[in-house]
Amino acid sequence: MEQRATTHHVHKLSFILLILSLAFPSSSFELRPSVADSTFLHSNDTAISDFRVLNRRALFQCPDLNPYLQINVTTQGDLSDEQFITVNVSGLLVPSDGDWVAMVSPSFSNVTTCLGSEAYYLQTGDTSILPLLCHYPVKAKYVTSDPSYLSCKNQKCQKYGNNGDCEVRTCAGSLSFHVVNIRTNIEFVFFAGGFSTPCILTKTDVPLKFSNPNSPLHGHLSSIDSTATSMRLTWVSGDKEPQQVQYGDGKSQTSEVTTFSAADMCSEFRLGSIVVPSPAKDFGWHDPGYIHTAVMSGLQPSSTFNYKYGSDAVGWSAEIQFRTPPAGGSDELKFLVFGDMGKAPLDSSAEHYIQPGSISVIKGMTEEVENGNVDSIFHIGDISYATGFLVEWDYFLNLITPLASKVSYMTAIGNHERDYSDSGSWYTGPDSGGECGVPYETYFPMPTPAKDKPWYSIEQGSVHFTVISTEHDWTEKSEQYEWMKTDMASVDRSKTPWLVFTGHRPMYSSLGADDQFLETVEPLLLNNKVDLVLFGHVHNYERTCSIYNSECLAIPEKDKNGIDTYDNTNYSAPVQAIVGMAGFSLEKFPDDAPSWSLVRISEFGYVRAHATKDELKLEFVNSDTKNVDDSFIITKK
């Protein structure tokens, strides 16, 4: 969620604009006010840290004549598709708390200073002078992660005197890095000076390579329609040749193959005739390999099947069991819903963008799936938070595989997938880092009408889901507005009595929302008797009364178990809930919350829902405690 910029950021922007005007005196360079404003919003929104501004730090000289200094990796053979590896630094005469190791890929990446690219980095939200690395590290760790490093418990004598006494002792440390198959070779670089004043000490001699960069990986499922007789499987491989998914009793489908390149990413502004690259085009780019997709047809709803994917040439995935969702119009649906999850490292390293709650949320939801309590999942925006650092999609896909490979994983687009100025997004902030929806739509093909029109509807069980894009034009007479109106008006409530409307940015939040969005779209909800509205974007959980025009038209009553119950037999207005608490750092609520806000929880978790023909029950599950911190029921008699 966007926040205000500080005066400090304003001063920095003024300074860098002066530098740019001097650096480009003959150009017509001018940063539009909307872009300048969004730069600061993005700065706060993306939680700039010392590690995240590495590309904008001055690279200092690091004169070190130490002949003993080494960095090496403990691993047997080439890298597997996922493993933890140990990186050892040794030969240190004086260990420092500013010593750190970066994992860089591809191994031939330029890790020297790119002084000429200063202007390219302004749009990322950081205005520090001078970039450091021409290519961004995948992750990094301070060597002090090894508790014995500074105390030099791991010593080695490098030189003995004539009397046999040790004259030169050096210190060593070891770090563990979680590595997934990103197809390109890896090297580790040893820095001194911390993230703020870094300099290179040494790097690994021989790049590490993956044993099979073409491995078929990260298979994830999605529904293509409301019949639940077909499921789409999407996976990643380093090989462009078509592969297969084999499923059921001897059935198979050949994959369609696609990819995207840096040329498909967006740029934000121009310096005269010079196009200034986005992070996705420039230092954040990483080759995505090839994305395969195939549709498994001839299935039965609410049924279990096995599948595997790949080919004899590149290898096959393990055999996986999955469950189809119930067909639209059937009696019952169990689903999970959340937004703003992203990912976090499994090795406590620093990364471009970390969502601290994501690990516990994924663990909790995985248990739900393994226990057979889930028919489908809805992730409503802010998916991976890669935001122009493309390698992070691989880590995200790896993280959700235990979920998304077993049940339908449906998504909605968020600001961190789509938004970028002059790209066609409704909001012009640089929140996608130049991705402009391209990786998102490639990795997560939904049953949408066309490319860059990421809205759709689907029916599962007794629920009709209307899934919109808050990042595309939703104003009256727009294509999406007309689609929303037509879709919701066409719902057969005798077949799917529950109408759930969902997207990313909220209409109501104690922390504020877009009034124009509310004024434009909310009347459609009331006119079509939408039962429940689910949004993310704000990083907490909040539930309203039955609300319209910022007023409570009905208040829930407690049932015999003390659960808030909304009686929609005599419909009044939708219940709205924000479910953006699945990973991103949580936001606190104001002390003076509006009267329509009935429940406010700032804890990590997800929402578990159970729909029958007569009742729609939702529970907010705290992923740390596993407790149900809020529950409510909507009924129809």
Answer yes when [X] and [Y] have at least one side-chain N-carboxylate O distance shorter than 4.0 Å, and no when they do not.
X	Y	answer
E319	K308	no
D347	K141	no
D431	R418	no
E441	K451	no

key: Y427 six-ring centre to R505 NZ/CZ under 6.0 Å and within 45° of normal   =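 Yes, R505 sits over the ring of Y427.
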Backbone N or O of [Y] within a donor-acceptor pair of the [X] side chain at under 3.5 Å?
X	Y	result
Q253	S297	no
E417	Y440	no
E587	H539	yes
T387	S432	no
Y309	S317	no

task = Could you walk me through whether E603 and N540 pass side chain to side chain contact (heavy atoms under 4.5 Å, CB included), step by step?
result = CA-CA 7 Å; E603 299 286 348; N540 51 39; over 6 Å; no
Could you give the distance from [atom1] ([X]) to [atom2] ([Y]), rounded to the nearest 0.5 Å?
X	Y	atom1	atom2	result
I380	T502	CD1	OG1	3.5 Å
E459	F465	CD	CZ	10.0 Å
L233	Y307	CG	OH	5.0 Å
W483	E479	CH2	CD	11.0 Å
L399	H178	CG	NE2	8.5 Å
M410	M446	CE	CE	4.5 Å

Verify whether one side chain among [X] and [Y] offers a donor that lies under 3.5 Å from an acceptor in the other.
X	Y	answer
N373	H610	no
S223	S408	yes
S215	D81	yes
W235	Q243	yes
H537	D340	no
T258	H292	no
S623	S360	yes
E351	Y395	no
H379	Y409	yes
H504	D382	yes
Q460	S376	yes
T466	Y456	no
D487	H464	yes

ask   = Given N622 and F604, is the side chain to side chain contact (heavy atoms under 4.5 Å, CB included) satisfied, shown in steps?
value = CA-CA 6 Å; N622 184 316; F604 292 120; 5.9 Å; no
ask   = When F378 is tested against each of V607, L336, V337 for side chain to side chain contact (heavy atoms under 4.5 Å, CB included), which residue passes?
value =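 Going through the options one by one, the only one that passes is V337.
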For the residue pair [X] and [Y], establish whether any side-chain heavy-atom pair is separated by less than 4.5 Å.
X	Y	result
F188	I186	yes
Y247	N306	no
T475	F517	no
R183	F210	no
V467	I458	no
V257	T259	no
H352	E392	yes
M265	F260	yes

query = Please, which pairs that meet salt bridge (Lys or Arg N to Asp or Glu O under 4.0 Å) have at least one residue in residues 231-248, sequence neighbours excluded?
reply =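 Applying salt bridge (Lys or Arg N to Asp or Glu O under 4.0 Å) to every pair that reaches into residues 231-248, excluding sequence neighbours, yields nothing.
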inquiry  = Would T184 and H286 count as a side-chain hydrogen bond (donor to acceptor under 3.5 Å, both in side chains) here? Give the steps.
reply    = CA-CA 9 Å; T184 51; H286 185 268; 2.8 Å; yes
inquiry  = Would D375 and R323 count as a salt bridge (charged side-chain N to carboxylate O under 4.0 Å, His left out) here? Give the steps.
reply    = CA-CA 7 Å; D375 296 316; R323 180 176 176 82; 3.5 Å; yes
Return the orientation label for the [X] and [Y] ring planes: parallel under 30°, perpendicular over 60°, tilted otherwise.
X	Y	value
F389	Y136	perpendicular
W393	F444	tilted
Y385	F584	tilted
H416	Y353	perpendicular

query = Just wondering, are more than 12 heavy atoms of other shown residues or ligands nearer than 6.0 Å to CD in E82?
reply =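 Yes, enclosed.
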